[in-house]
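The structure appears below as structure tokens.
Residue numbers run from 1 in the order of the sequence given.
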Amino acid sequence: MSGRPAAPPGAAVFALVALAAAGPAPTMAAEIAPAEAYALLQEVISPERKERKAAAARLAEAGDATLVPALVDAYFFTPAPRRAEIRKALAALTGERFERYHDWVEYVGGREDLTPKEGYLEWKLALLQRIDVDYGRILYPGAPARIRLEEVVWGGVPVAGIPALDDPPVIPADEARYLRPGERVFGVLLGGEARAYPLRILDWHEMLNDTVGGEPVTLSYCTLCGSGILFSTRTPSGEARRFDTSGLLYRSNKLMVDRQSYTLWSNLTGIPVVGRLARAEIELPVLAMTLTTWEEWRRRHPETRVLDLEGVERSLGGKYRFDYRPGAADRARTGVSFPVWLKNDVLERDAEVFALRVSGRPKAYPLDALAAARVVNDELGGESLVLVADPASGAVRAYRRGDRVFRPGDGPLQIVDQDGGRWRVGEQRLEPLAGEGEPLARLPGHVALWFGWFGFHPQTEVFGIESTARP
């Protein structure tokens, strides 16, 4: 999520497997009343060892497992030399003896049978407000949530601590002399307007609010899980929502926050998950976007405009000194990771996949398999679809295919149907070159790292693999 180091460091396919693998349930001798419980938790993070020791002993003696999530949060906010008492209390309540905070978060994640003590939201808020008082606008008392708050962790920066790019300056392709042909960019074509967003810049900002072809959009790029997704942000009233990085993560996926309501939104689904809009039936529409090389995007769209590197630096007013050289952000993030309890090893942890959701059904397509096949005809969520990959640029595009079956054509811009008809691979649709037949609409998908996609979609299918079950 951030190039800055995180604060103190530190699967099952189905929830039942995870619960069984995690061992016996925590001790549940007797519950402590919330007022006493949170008073003890305040004492267990005290600078005074005598207070910590007495509070931890009382918590262990009571055996109230509903306090485990709050104790894990306390563990994070306690300096390493003062964690021994919390570890003892956690060991007494769970039977586990982890040292790393990451391991404790994964333990709590796998304990979906473990309900936090009443007042947990307020406890978590009090801890987060030590970092940034603005968390009070997000996790206010009684805030509704669609996700488990005990799995929400701090990512190392405050609210909007990573500066989003708002209406960033752009220049014609010929003027973008800073870009190399093989550099990766996010390519967008909306309303006849082509736009390229280089990863070397987005790697540092992760959120971008812009208007392309008259459409207000947000590009949310979770660098931890490798997923860049373009959302339409136009509201029913015609206004546009604008987003920032919240500084919070859920299963190593960033949580966006909108500036209007301070609601947290999922980066992978575009659904509000915590806060004022979390009960609303809202889902940000996902728009087609292509992760490709600058060379390929410029060849296909010579009229494209692209981020102005010098203009972006000026727009930040000298407040930041980002190293926008290719790969610099990745080097700065080396070793930074966050806990994800849902795991699956049918693919390598950081394998890149093309991720699709059709009618609520998720599926992951390994990029190397797509590059080898070039064209894949498939079915998902009751839809017939075709995926077209360009091995040279790594670009993948998916479309509805109706009753047609396609194969590779001449070069990356064409595919051929079962009758020999040639089709142009476009940004918004597949178009018949001979004018016979209706264009076929594009399906919005995106690239992600396997661990991040599976952590959010454990029910996902995987192309080329019959089952996602672990051996």
- Task: Examine R200 relative to Y324 and say whether NZ or CZ is less than 6.0 Å from the centre of the six-membered ring and inside a 45° cone about the ring axis.
- Result: no
- Message: Using ring centroids (six-membered ring only for Trp), state whether F186 and Y197 fall under 6.0 Å.
- Response: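 When the ring centroids of Y197 and F186 are compared, they turn out to be at least 6.0 Å apart.
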Donor-acceptor under 3.5 Å ([X] side chain, [Y] main chain):
X: R429; Y: A441; answer: no
X: W297; Y: R300; answer: no
X: R259; Y: D244; answer: no
X: D132; Y: Y135; answer: no
X: S246; Y: L248; answer: yes
X: Q428; Y: L189; answer: yes
X: T263; Y: L277; answer: yes
X: R137; Y: Y262; answer: no

Is any side-chain heavy atom of [X] less than 4.5 Å from a side-chain heavy atom of [Y]?
X: M289; Y: H446; result: no
X: F338; Y: V105; result: no
X: L291; Y: L199; result: yes

What do you reckon, is [atom1] of [X] surrounded by more than 12 foreign heavy atoms closer than 6.0 Å?
X: Q418; atom1: CD; answer: yes
X: R422; atom1: CZ; answer: no
X: R146; atom1: CZ; answer: yes
X: E239; atom1: CD; answer: no
X: R276; atom1: CZ; answer: yes
X: D419; atom1: CG; answer: yes
X: Q260; atom1: CD; answer: yes
X: E303; atom1: CD; answer: yes

- Starting from the C-alpha separation in whole Å, work towards a yes-or-no answer on side-chain contact (heavy atoms from CB on, under 4.5 Å) for F406 and L440. CA-CA 12 Å; F406 291 95; L440 299 171; 3.9 Å; yes
- Can you name the nearest heavy-atom pair linking N267 to S227, along with the distance?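 Smallest interatomic distance, heavy atoms only, reads ND2-OG, 3.0 Å.
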- Salt bridge check: are D203 and R184 linked by an N-O gap of less than 4.0 Å?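 Judged by the 4.0 Å cut-off on N to carboxylate O distance, D203 and R184 do not form a salt bridge.
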- Message: Tell me whether the rings of F322 and H205 are parallel (<30°), tilted (30 to 60°) or perpendicular (>60°).
- Response: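 Rings of F322 and H205: perpendicular, as their planes differ by over 60°.
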- Task: For the pair F243 and W265, name the ring-plane relationship: parallel under 30°, tilted 30 to 60°, perpendicular over 60°.
- Result: perpendicular
- Message: Test of understanding: with ring-ring contact (aromatic ring centres under 6.0 Å, His included), list the residues that count as partners of Y399, not counting sequence neighbours.
- Response: none
- Kindly determine whether K254 and T245 satisfy side-chain hydrogen bond (donor to acceptor under 3.5 Å, both in side chains), including the steps that lead there. CA-CA 8 Å; K254 73 181 296 165; T245 292; 2.9 Å; yes
